[in-house]
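Here the structure is a predicted model, which means the values were calculated and not measured.
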Amino acid sequence: MARPIILGNGALTVGLDESGLVHDFYFPYVGLDNLTNQRSMHHRIGVWIDQTFSWVDDGTWDTHIELDSDALVSHITMIHHELSIELQMKDFVDSDMNLFGRIITIVNNSDDKREVRLFMHQVFEISRDGRADTALYVPDGNYILDYKGRTCLLISGLDKGGQPYDQFAIGNHGIEGKAGTFVDAEDGELSGSTVEHGGVDSVLRFMQVIEPHDTTEINYWVIAGDSQQAVEHLNRAVIAQGLQGRLSSTEHFWQKWLSVGINQLHITDKNYLELTKKSLMLIKAHIDKRGGIIAGIDSSIYNYGRDYYSYVWPRDGAYAIWPLIRLGYTEEPKKFFEFCRDITNPAGYLMHKYQPDRAIGSTWHPLMHGKEKELAIQEDETAIVLFMLGEYFDISQDADFIKEMFPAFIEPAANFLCSFIDVETGLPHASYDLWEQKFSTSTYTVATVYQALLTAADFADYFKKASKAQHWRDTANMLYENRKAFVNPDTNILRKGFYFNPDSGLEFDECLDVSSFYGSFMFGYFHKDPPILSATIEAVETVLTGENGVARYDGDDYFRVYQNSVGNPWVICTLWLAQFYIRVHKPDQAHEILHAISKTALNTGVLSEQLDPQTGRQISVSPLVWSHAEYINTILDISKIN
């Protein structure tokens with residue numbers, strides 16, 4: 001599972017697979033409405049030459065995929081040695097219009113003049129279950145229109161001389177026993193069928209005669225919009241400006257956007273700079289222009305489970321914008337905070353996860369625990385957003401924005417955190433933990449709540465709201481005074497947490513969890529207890545840390561590769577260890593971790609969620625935005641001491 005290439009502009013997002021083929025096509029929201037049949041089919045590219053046909057993913061092509069370090073533009077090389085033919089592609093999603101473009105250079109590596117036929121196949125699934133879509137040829141504009149309701153996709157292309165494709169075909173895909181119109185290409189000719197409905201696909205053919213050891217160029221594009229008139233308007237602009245002109249404009253956009261953060265990275269080790277820039281762009285590609293930040297748009301996980309990661313977790317979003325805040329970006333954090341403001345429950349809390357259109361996301365958290373009604377929340381998600389507002393203000397000093405957020409989010413969130421406390425323990429009531437699995441009062445969650453309340457109190461002081469500041473700070477201090485409930489007195493190691501049972505009292509969870517340690521040192525919850533932190537980090541290093549990184553907790557079975565292991569290493573957990581080493585002035589150990597994580601990245605810079613404990617290969621969703629955010633944060637931390 002992986003998407004080595006993610007291209008996007010905040011509305012149109014395209015994921016390319018390991019063969020360089022379109023496998024994800026999200027529009028009009030990042031991560032919502034994947035218009036490809038992602039579970040079973042990708043778009044295809046075929047070549048007919050010397051009476052031989054080959055699809056580029058049939059195992060006979062050598063494919064190499066790269067991503068620019070200064071622009072979200074992919075470079076893909078596909079070579080067929082026996083056919084002496086090569087395809088070189090530059091792919092991008094336009095920064096200003098909803099356009100996916102591929103500039104394809106065909107290289108004739110033989111000593112003979114040859115006729116080459118390039119076939120570009122596209123299979124969209126706009127409506128549910130591949131029904132009710134329409135694809136038709138539009139002669140006036142010489143393009144294919146694939147549409148359903150308010151979603152319209154225009155497919156077209158030109159060669160270097162401005163000539164369009166010479167053949168096309170439209171047909172059915174995935175219904176009534178039909179494989180798809182792509183099969184029509186395999187004899188080198190297309191039928192010219194002009195319309196079909198239901199489950200549909202289409203193919204364009206570009207025929208070129210190429211001299212020995214010469215090249216030619218094909219420009220291919222897909223435009224997305226909400227009406228035929230809208231996509232036609234953009235199509236005329238693309239033809240007038242040329243696809244290369246649109247690429248140049250997009251490259252300039254990314255270079256300008258990157259410059260904001262790169263100006264803060266001038267002391268970064270050059271060995272890490274390229275991956276840092278790619279991580280920044282990958283985070284940006286997952287940010288919807290309306291504020292939602294998607295955890296991961298790799299739809300391939302849908303083949304292995306019940307759902308995918310194309311949701312906005314408030315927690316993941318908050319961690320994703322942390323490095324952007326530190327690097328001086330303001331637009332993306334503000335829109336994310338506004339997103340959180342708009343989705344906040346009137347009682348002051350955030351739910352499990354959301355769609356980027358602000359609708360509630362799927363969940364596996366019940367509203368009952370035993371016989372008791374409970375909120376299906378992870379309290380840390382509310383707390384971390386509140387904390388991150390403090391980080392934003394510390395760097396931006398944007399008092400006007402914080403003034404707007406105070407009554408709309410800060411005050412209700414802080415009041416909720418203060419109210420969601422069990423009087424018997426003086427600590428937060430149980431909710432689901434960071435990993436979304438256990439219903440308890442976890443060490444990590446309480447650490448975030450503690451620091452979030454201190455952040456809210458500082459805001460209240462700033463706006464001269466003394467009574468609120470006092471209340472929120474007093475509550476934070478109460479949580480701090482009761483922190484020893486999270487320490488095993490026999491080992492001095494931090495517990496995962498506890499569950500308060502009204503009938504039997506505290507039921508402790510002694511599981512060793514790296515988040516307990518991370519939350520405690522990052523948010524200052526045990527800052528006056530060095531022996532406890534020392535004992536816990538020693539246990540983390542001994543039990544959870546292996547050759548290829550740090551597992552989440554002892555016994556983690558999520559995608560576990562080897563049943564006798566504590567669990568797979570997670571990139572974010574491994575980088576948390578590096579961040580701790582930086583704080584305690586052990587830069588050599590931190591550099592070792594950074595170097596090891598960097599080696600796990602794909603050529604395109606993509607980092608995954610998990611790693612194989614023995615081989616270090618990527619496992620689960622890839623890219624995972626949170627992994628990239630922690631990588632940049634670690635780079636920023638270590639830059640301070642170099």
Side-chain angles (χ1 to χ4, degrees), residues 5-16 20-22 24-28 30 35 43 45 65-77 87-106 118 120 122 124 138 141-146 151-165 204 206 208 215-259 278 281-282 284-285 287-289 604:
I5 295 292
I6 302 294
L7 307 169
N9 63 7
L12 172 62
T13 311
V14 178
L16 306 182
L21 302 175
V22 173
D24 295 312
F25 198 99
Y26 294 94
F27 179 80
V30 179
L35 305 183
H43 298 197
I45 297 175
I65 303 176
E66 291 283 357
L67 182 71
D68 269 1
S69 58
D70 296 308
L72 203 63
V73 176
S74 64
H75 295 262
I76 301 174
T77 302
L87 303 180
Q88 300 172 354
M89 297 187 219
K90 290 184 181 180
D91 310 300
F92 67 102
V93 167
D94 195 288
S95 56
D96 293 322
M97 64 174 70
N98 293 320
L99 159 79
F100 167 61
R102 310 196 87 155
I103 298 176
I104 306 168
T105 300
I106 306 174
L118 177 70
M120 301 297 293
Q122 41 282 324
F124 292 105
V138 181
N142 198 27
Y143 62 83
I144 303 293
L145 183 68
D146 201 328
T151 299
C152 294
L153 304 169
L154 183 153
I155 303 112
S156 192
L158 299 170
D159 67 16
K160 194 171 185 179
Q163 295 302 307
Y165 50 91
L204 304 181
F206 298 86
Q208 301 284 293
T215 66
T216 191
E217 185 177 284
I218 301 295
N219 291 340
Y220 164 87
W221 61 85
V222 181
I223 298 172
D226 61 5
S227 69
Q228 184 176 0
Q229 291 73 24
V231 294
E232 281 185 343
H233 173 74
L234 294 178
N235 191 50
R236 289 191 291 270
V238 173
I239 292 172
Q241 299 170 26
L243 203 57
Q244 182 61 53
R246 298 310 313 162
L247 172 60
S248 298
S249 176
T250 298
E251 289 173 330
H252 177 72
F253 165 83
W254 282 107
Q255 290 160 8
K256 183 178 180 181
W257 185 83
L258 275 175
S259 68
K278 289 179 178 179
M281 292 190 292
L282 285 165
K284 173 69 169 171
I287 300 178
D288 187 86
K289 66 180 183 180
T604 56

Between side-chain atoms of residues 215-224 and protein atoms elsewhere (two or more places apart, or another chain), which donor-acceptor pairs fall under 3.5 Å?
{"from": "Thr216", "atom 1": "OG1", "to": "Gln208", "atom 2": "OE1", "distance (Å)": "2.9"}
{"from": "Tyr220", "atom 1": "OH", "to": "Gln122", "atom 2": "OE1", "distance (Å)": "2.6"}
{"from": "Trp221", "atom 1": "NE1", "to": "Asn235", "atom 2": "OD1", "distance (Å)": "2.8"}

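Asp91 meets the salt bridge (charged side-chain N to carboxylate O under 4.0 Å, His left out) test with Arg102; sequence neighbours excluded. With sequence neighbours excluded, the residues satisfying ring pair (Phe, Tyr, Trp, His ring centres under 6.0 Å) with Trp254 are Trp257. The salt bridge (charged side-chain N to carboxylate O under 4.0 Å, His left out) search around Arg246 returns Asp94, Asp96, not counting sequence neighbours. Partners of His43 by ring pair (Phe, Tyr, Trp, His ring centres under 6.0 Å), not counting sequence neighbours, listed by chain and number: Phe124. Not counting sequence neighbours, Gln163 has no partner by the side-chain hydrogen bond (donor to acceptor under 3.5 Å, both in side chains) test.
To the nearest 0.5 Å, atom CG of residue Leu247 and atom CD of residue Gln241 are 12.5 Å apart. Atom CD1 of residue Ile65 and atom CD1 of residue Ile5 lie 6.5 Å apart, to the nearest 0.5 angstrom. Put simply, NZ on Lys278 and CG on Asp68 are 8.0 Å apart, with the number rounded to the nearest 0.5 Å. Annotation: the span from Ile6 atom CD1 to Leu67 atom CG amounts to 10.0 Å, rounded to 0.5 Å. Taking OG from Ser95 and NE2 from His252, the interatomic distance works out to 9.0 Å, rounded to the nearest 0.5 Å. Here the straight-line distance linking atom CZ of Phe25 with atom CG of Leu16 works out to 11.0 Å at 0.5 Å rounding.
Side-chain contact between Thr13 and Phe27 is absent, with no heavy atoms from C-beta onward closer than 4.5 Å. Residues Leu145 and Val231 form a side-chain contact, since some pair of their non-hydrogen atoms from C-beta on lies under 4.5 Å apart. Looking only at side-chain heavy atoms (C-beta outward), Ile76 and Gln88 stay at 4.5 Å or farther from each other. Proximity of Ile144 to Leu154: side-chain heavy atoms (C-beta onward) are nowhere separated by under 4.5 Å. The closest side-chain heavy-atom distance from Leu87 to Thr77 is not below 4.5 Å. Side-chain contact between Lys90 and Thr105: absent, with no pair of heavy atoms (C-beta onward) separated by less than 4.5 Å. Looking at Ile155 and Leu204, their side chains come closer than 4.5 Å, going by heavy atoms from C-beta outward. The shortest distance between side-chain heavy atoms of Leu7 and Phe100 falls below 4.5 Å.
At distances below 3.5 Å, not a single donor-acceptor pair connects side-chain atoms of Asn9 with backbone N or O atoms of Val93.
Summarising the geometry of Ala285 relative to Gly8, their closest heavy-atom pair is CB-N, 4.5 Å, with the distance given to 0.1 Å. For Asn142 against Pro164, the heavy-atom pair with the smallest separation is ND2-CB, 3.1 Å. Residue Ala11 comes nearest to Asn98 through the heavy atom pair CB-OD1, 3.6 Å, listed as atom of the first residue, atom of the second, then distance. Taking every heavy atom of both residues into account, Cys152 and Gln228 meet most closely at SG-N, 3.6 Å. The shortest non-hydrogen separation linking Leu12 to Leu99 is CD2-N, 3.6 Å.
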key: Full working for side chain to side chain contact (heavy atoms under 4.5 Å, CB included) between Leu72 and Glu251   = CA-CA 7 Å; Leu72 203 63; Glu251 289 173 330; over 6 Å; no
Test side chain to side chain contact (heavy atoms under 4.5 Å, CB included) applied to Tyr143 and Glu232, step by step = CA-CA 9 Å; Tyr143 62 83; Glu232 281 185 343; 2.5 Å; yes
